[in-house]
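What you see below is based on every heavy atom in this structure, not just the backbone, and it leaves out hydrogens, waters and symmetry mates.
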Amino acid sequence: MEEDRVLSSVHSTVFKESESLEGKCDKIEGYDFNQGVNYPKLLRSMLTTGFQASNLGDVIDVVNQMLEWRLSDETIAPEDCSEEEKDPAYRESVKCKIFLGFTSNLVSSGVRETIRYLVQHHMVDVIVTTTGGVEEDLIKCLAPTFKGDFSLPGAYLRSKGLNRIGNLLVPNDNYCKFEDWIIPIFDQMLKEQKEESVLWTPSKLLARLGKEINNESSYLYWAYKMNIPVFCRGLTDGSLGDMLYFHSFRTSGLVIDVVQDIRAMNGEAVHATPRKTGMIILGGGLPKHHICNANMMRNGADYAVFINTGQEFDGSDSGARPDEAVSWGKIRGSAKTVKVYCDATIAFPLLVAETFASKREQSCEHKT
Amino acid sequence: MSDEEHHFESSDAGASKTYPQQAGNIRKGGYIVIKGRPCKVVEVSTSKTGKHGHAKCHFVAIDIFTSKKLEDIVPSSHNCDVPHVNRVDYQLIDISEDGFVSLLTDNGSTKDDLKLPTDEALLTQLKSGFEEGKDIVVSVMSAMGEEQMCALKEVSPK
């Protein structure tokens with residue numbers, strides 16, 4: 001009798017009646033390879049596979065929303081609308097403004113080709129990166145980066161003049177070629193500064209380098225051609241900075257104005273209205289914070305997608321989730337946000353395949 | 001790429017004021033031209049080829065005439081200008097009112113275009129020695145069309 005009561009209370013604890021999730025949540029179901037090896041279906045199945053696969057599926061969803069949004073989706077607020085803004089045809093044409101940020105290691109990797117595709121077809125509006133993110137792109141036009149291994153010993157590599165970036169190798173010679181290429185450009189820029197009163201900023205410098213490299217494999221070249229500004233907050237922290245340092249000994253006087261660039265970057269966010277803004281940020285560090293900070297000036301971005309491996313337990317901004325940015329006003333409370341914890345070399349090409357690239361393929365098919 | 005400005009003085013023809021030397025071969029205690037000034041090297045450090053490009057020599061040097069500290073960084077395979085630095089001794093004849101000295105050259109003629117030294121200690125020693133009627137021999141350092149008294153010694157009359 002005692003035993004029965006104990007048993008029944010244990011029974012009711014273990015088999016506690018659950019709330020039904022049917023209809024409220026998606027069922028978990030992975031891809032069935034019996035369908036064959038169908039990559040688009042495989043990628044779509046990630047949404048219901050769970051863990052980071054589901055997060056990636058969510059990211060794909062949010063980016064597609066970013067790409068599909070038009071001003072005509074919003075109800076007109078008559079008070080603060082100009083006549084032009086009320087015109088339906090105009091409203092159909094207004095799209096989301098997309099900020100793309102990435103760290104330099106991704107440019108050293110093959111993700112550089114994915115970035116170049118986006119810039120080439122003007123699929124993003126503003127780019128923010130680190131110094132390495134710029135020079136690695138330029139150097140690849142002069143000499144290639146090679147695949148190595150994480151475990152190659154440092155002292156051995158140094159003796160061979162090879163620099164290791166993760167499991168990639170960049171020979172010293174590549175940087176020598178970069179130096180030989182860029183110093184005459186700095187000389188010319190200094191001349192223009194003195195004779196034509198040009199005041200250089202990081203973004204103007206980068207546009208100039210994109211023009212000078214004149215190579216279709218470079219995303220910086222396409223950014224120059226498509227008039228997409230590239231902002232680099234920490235321009236001196238890389239080989240480019242080393243070149244500026246050495247140039248200042250031989251022929252000093254080159255001035256690079258960062259104040260003008262902060263006006264320009266924040267202006268991109270502030271003057272985006274009536275467009276919505278979306279952030280796609282790969283990695284952490286400077287690009288992540290700089291884009292979020294600029295969007296704070298317009299009371300927050302409307303879409304935010306983070307792809308990085310950072311953790312929040314140390315309080316770093318790199319590891320912070322989108323919700324932390326909401327507390328700062330960098331992302332709106334009403335925004336669609338997703339963070340996927342994944343190395344961008346895996347996640348980003350897959351993301352672009354299911355969003356930017358597939359939309360372009362579809363629209364190309366419609367035209368033919 | 002040696003793009004320093006050269007100050008071409010109109011003085012002695014024939015002998016060149018500088019000669020080229022590879023940056024990697026210039027040592028501490030040697031001479032180098034930085035920003036057109038002849039300097040004596042007090043420190044050299046080399047950074048190996050790397051992310052910053054070619055191997056580079058970092059020179060810290062002192063202008064031999066103004067004693068100002070100057071710095072330069074040069075790729076080690078590039079050529080630098082090295083000044084020809086000469087030291088000639090002359091016997092002091094006279095100190096003029098307008099700050100010049102009169103010197104006796106080897107071939108018996110006078111040299112009157114050398115200014116008094118700017119170095120306080122040297123100037124005092126020169127003036128007092130001359131006033132006391134001592135025989136003074138001055139050392140004149142010259143490089144790149146500029147010259148300056150750099151030392152003096154009192155010679156006992158024979």
Given that the side chain runs from C-beta out, which part of A/D242 has a heavy atom under 4.5 Å from chain B: side chain, backbone, both or neither?
side chain
Looking only at side-chain N and O atoms, does B/T105 offer a donor or acceptor that is under 3.5 Å from a partner on B/S109?
yes
Can a donor-acceptor pair be found between the side chains of A/S203 and A/T201 at a distance below 3.5 Å?
yes
Identify the residues of residues 46-54 of chain B whose heavy atoms come closer than 4.5 Å to a heavy atom of chain A, ordered by number, or report 'none'.
B/K48, B/T49, B/G50, B/K51, B/H52, B/G53, B/H54
So does A/E212 pair up with A/R208, basic N to acidic O under 4.0 Å?
yes
Kindly compute the distance separating CZ (A/F348) from CG (A/D343), expressed to the nearest 0.5 Å.
13.0 Å
Assert yes or no for the condition that the ring centre distance of A/Y219 to A/F102 is strictly below 6.0 Å.
yes
Among residues 133-164 of chain A, those lying within the under-4.5 Å heavy-atom range of chain B are A/E135, A/R158
Do NZ/NE/NH1/NH2 and the carboxylate oxygens of B/K111 and B/D113 come within less than 4.0 Å?
yes
Salt bridge between A/K177 and A/D173, side-chain N to carboxylate O under 4.0 Å?
yes
Is it true that the side chains of B/D72 and B/H58 contain a donor and an acceptor less than 3.5 Å apart?
no
So, does A/S109 use its side chain to make a donor-acceptor pair with the main chain of A/V111 at under 3.5 Å?
yes
Lys/Arg-Asp/Glu bridge criterion (N-O < 4.0 Å) met for B/K69, B/E43:
no
